[in-house]
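All chains are named by letter (A, B, ...) in the order of the sequence lines, taking the proteins before the strands, and each is independently numbered beginning at 1. No experiment lies behind these values; they were computed from the predicted model shown.
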There are 2 protein chains.
Amino acid sequence: MTATPPLHLKPRKRPRQARATVTLDAILEATIQVLLSEGLHRLTTTRVAERAGVSVGTMYQYFPHKQALLYALNERYLDIVAGKVETACLELRGASTPEMVEALVATYWQAKTERRDVTRALYRSAVELDNEALIEAFAQRVDAATTAMFGSASDATYDDLALVNATLLAVIFGTVRNVFERNLPAGLETDIRKQLTIMCLCYLETARV
Amino acid sequence: MTATPPLHLKPRKRPRQARATVTLDAILEATIQVLLSEGLHRLTTTRVAERAGVSVGTMYQYFPHKQALLYALNERYLDIVAGKVETACLELRGASTPEMVEALVATYWQAKTERRDVTRALYRSAVELDNEALIEAFAQRVDAATTAMFGSASDATYDDLALVNATLLAVIFGTVRNVFERNLPAGLETDIRKQLTIMCLCYLETARV
DNA sequence: ACCTGAACACCGTTCAAGT
DNA sequence: ACCTGAACACCGTTCAAGT
């Protein structure tokens, strides 16, 4: 599913008893809650443990250090987003290019906008992380899904599909993040999303063989 | 030059004597050095003070807290990048749209690529910051410069220049950051830059009135 | 006007002791 | 097999004392 992550960031052990699973979920749930309510710089092992209803020691049985908490959170989140993109791509096999671009931008934008607070918090939390493996795994899944989709387009074929696809993804993902970080008025945000779609479309038009 | 930043992030006082100016510069220089050599999570007030050759107490006379160090660094950096974009835009007044797009992408890309380590470190350091004011000031300067430039194009006029311009900036800045974060092979990076230029160009073609 | 560094509150992480 | 929490090293920040 995902590329093997750096060992030191993985949970220390997998739960073998029911209560351990409960504990692990409680810790992750507490992490996102503290992150949202207190912010990254007030995300403390003590606070997370307290909120999860366990001792710090217990936390360290499951996660080798604080960063591993954020790593797990990002992993879960990126897995969900990648899944949504994959589903959308499968549904669109054989469709027309405009439909594909429209749906790709809409799906990704929607996935990020659904819970703005979570998206923002995770964008920020990812900074202290050795997150290249995470991003890479995500990129590869999405890349495979969209390449297959555009390759099946009913109205166009591309000379260098790999490059065209990589460009599209960099532009879409990058633009969404940029817009997100600037906290623009809702109206302008929507307008930019529409323009982005137009832009991708005319690019694909140009790139057709 | 820049919008007024949150007060709590500004240096505590401006130096009034020569040695104080030296001290302030030494602290900022030490900050970037420690950031580059040790990484964000090992950037410690003690370490910065030591490297700068002053005591922690002195550091706190100039900066109210650790974040203010990173804030100052980002401020200086964004000021330089904005300046480069402004200069390029002025030089291109009255040129053709293709020249403008090419130069805009090249200038920004170059500014970010020149010192990849610094760019990366600052992207990351900005996360814990209340950096909206900083980003906003940067965005406004650049927006004004590029709007004026595209408004002066010899070969095209645009119906909604403000929106077209905002879209272009979001796409270019966003894509550059995305590419940067993924650490792609140099060849692919260059290819994406070229594709990005093509994409912006055909978008402007479509957006002409 | 500027600098020092010991002192304080808090944080990440460990580990001997428990159930 | 899982959990506890006191203990340790370190970090951000302050402030009384110095030049």
Side-chain angles (χ1 to χ4, degrees), chain A residues 6-31 34-35 37-73 125 127-130, chain B residues 6-31 34-35 37-73 125 127-130:
Chain A
L7 269 181
H8 59 285
L9 285 171
K10 291 307 297 182
R12 252 182 186 150
K13 60 171 170 191
R14 311 206 153 273
R16 294 169 189 274
Q17 292 185 5
R19 66 172 163 160
T21 311
V22 171
T23 303
L24 201 146
D25 285 348
I27 293 171
L28 279 184
E29 190 51 35
T31 306
V34 173
L35 188 59
S37 61
E38 309 268 350
L40 185 57
H41 72 286
R42 301 203 63 200
L43 184 91
T44 287
T45 50
T46 331
R47 254 187 277 262
V48 171
E50 194 182 19
R51 173 84 78 135
V54 299
S55 72
V56 243
T58 300
M59 240 191 58
Y60 275 86
Q61 272 197 300
Y62 294 96
F63 299 92
H65 43 245
K66 203 178 96 167
Q67 293 189 12
L69 292 170
L70 298 171
Y71 190 92
L73 236 45
S125 79
V127 155
E128 279 271 13
L129 253 52
D130 177 10
Chain B
L7 269 181
H8 59 285
L9 285 170
K10 290 308 295 180
R12 252 184 187 149
K13 61 171 166 192
R14 312 205 154 274
R16 294 168 189 273
Q17 294 183 4
R19 66 171 164 162
T21 310
V22 171
T23 303
L24 201 147
D25 284 348
I27 293 172
L28 279 184
E29 190 51 35
T31 305
V34 172
L35 188 60
S37 62
E38 309 268 351
L40 185 57
H41 72 286
R42 300 202 64 199
L43 183 91
T44 286
T45 51
T46 331
R47 255 187 276 264
V48 171
E50 193 181 21
R51 173 82 79 135
V54 299
S55 72
V56 244
T58 301
M59 242 191 56
Y60 275 87
Q61 273 196 300
Y62 294 96
F63 299 92
H65 44 245
K66 203 178 98 168
Q67 293 190 12
L69 292 169
L70 298 171
Y71 190 92
L73 238 44
S125 78
V127 155
E128 280 270 13
L129 254 52
D130 176 10

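The nearest pair of heavy atoms linking B:Ala52 to B:Ala26 is CB-O, 3.7 Å.
Remark: B:Tyr60 is not in phosphate contact with D:dT14, judged by side-chain N or O atoms under 4.0 Å from OP1 or OP2. Remark: B:Thr23 is not in phosphate contact with C:dC2, judged by side-chain N or O atoms under 4.0 Å from OP1 or OP2. The side chain of A:Thr58 contributes no N or O atom lying less than 4.0 Å from OP1 or OP2 of D:dC2.
Just one of A:Arg47, A:Arg42, A:Arg51 meets the side-chain contact (heavy atoms from CB on, under 4.5 Å) condition when paired with A:Ser37; it is A:Arg51. Each of B:Leu43, B:Val56, B:Val54, B:Leu35 was scored for a side-chain contact (heavy atoms from CB on, under 4.5 Å) with B:Val48, with one residue passing: B:Leu43.
Between the OG1 atom in B:Thr23 and the CG atom in B:Leu28 there is a gap of 11.5 Å [rounded to 0.5 Å]. The structure places OH of A:Tyr62 at 10.5 Å from CG of A:Asp25, a figure rounded to the nearest 0.5 Å. Distance check, rounded to the nearest 0.5 Å: CE of A:Met59 to OG1 of A:Thr31 gives 6.5 Å.
Within residues 47-55 of chain A, the residues having any heavy atom closer than 4.0 Å to DNA chain D are, in order of number, A:Val54, A:Ser55.
Taking atom NZ of A:Lys66 as the reference point, atom P of C:dC11 lies 9 Å away to the nearest angstrom. Summarising the geometry, the separation between CE on B:Met59 and P on C:dC3 is reported as 13 Å, rounded to the nearest angstrom. Atom C1' of nucleotide C:dG12 and atom CZ of A:Phe63 are separated by 16 Å, given to the nearest angstrom. Between the C1' atom of D:dC11 and the CD atom of B:Glu38 lies a distance of 15 Å, rounded to the nearest Å. One atom, CG of A:Leu69, and another, P of C:dC11, lie 15 Å apart when rounded to the nearest Å. Across the protein-nucleic acid pair, A:His41 atom NE2 and C:dC10 atom P stand 14 Å apart, rounded to whole Å. Atom CD1 in A:Ile27 sits about 8 Å away from atom P in D:dC3, given to the nearest Å.
When each of C:dT13, D:dT13, D:dC2 is scored by its nearest atom to the side-chain atoms of A:Tyr62, the top-ranked nucleotide is D:dC2. Nearest nucleotide to the B:Val56 side chain, out of D:dC3, C:dG5, C:dT13: C:dG5. Of the candidate nucleotides D:dC2, C:dG12, D:dG12, D:dG12 has the atom nearest to the side chain of B:Thr46.
Residue B:Thr44 is in sugar-phosphate contact alone, with no base atom involved, counting any heavy-atom pair closer than 4.0 Å across all strands shown. At the heavy-atom level, A:Leu43 lies under 4.0 Å from the strands shown only through sugar-phosphate atoms.
No side-chain heavy atom of B:Leu69 sits under 4.5 Å from any side-chain heavy atom of B:Leu73. Between B:Phe63 and B:Thr45, the closest side-chain pair of non-hydrogen atoms is not below 4.5 Å.
Shown here is A:Glu38, whose CD atom has more than 12 heavy atoms of other residues, nucleotides or ligands within 6.0 Å.
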Can you run through DNA chain D from 5' to 3' and write each base as (, ), [, ], | or . depending on how it pairs? Watson-Crick or G-U wobble, both distances under 3.5 Å.
||.|||||...|||||.||
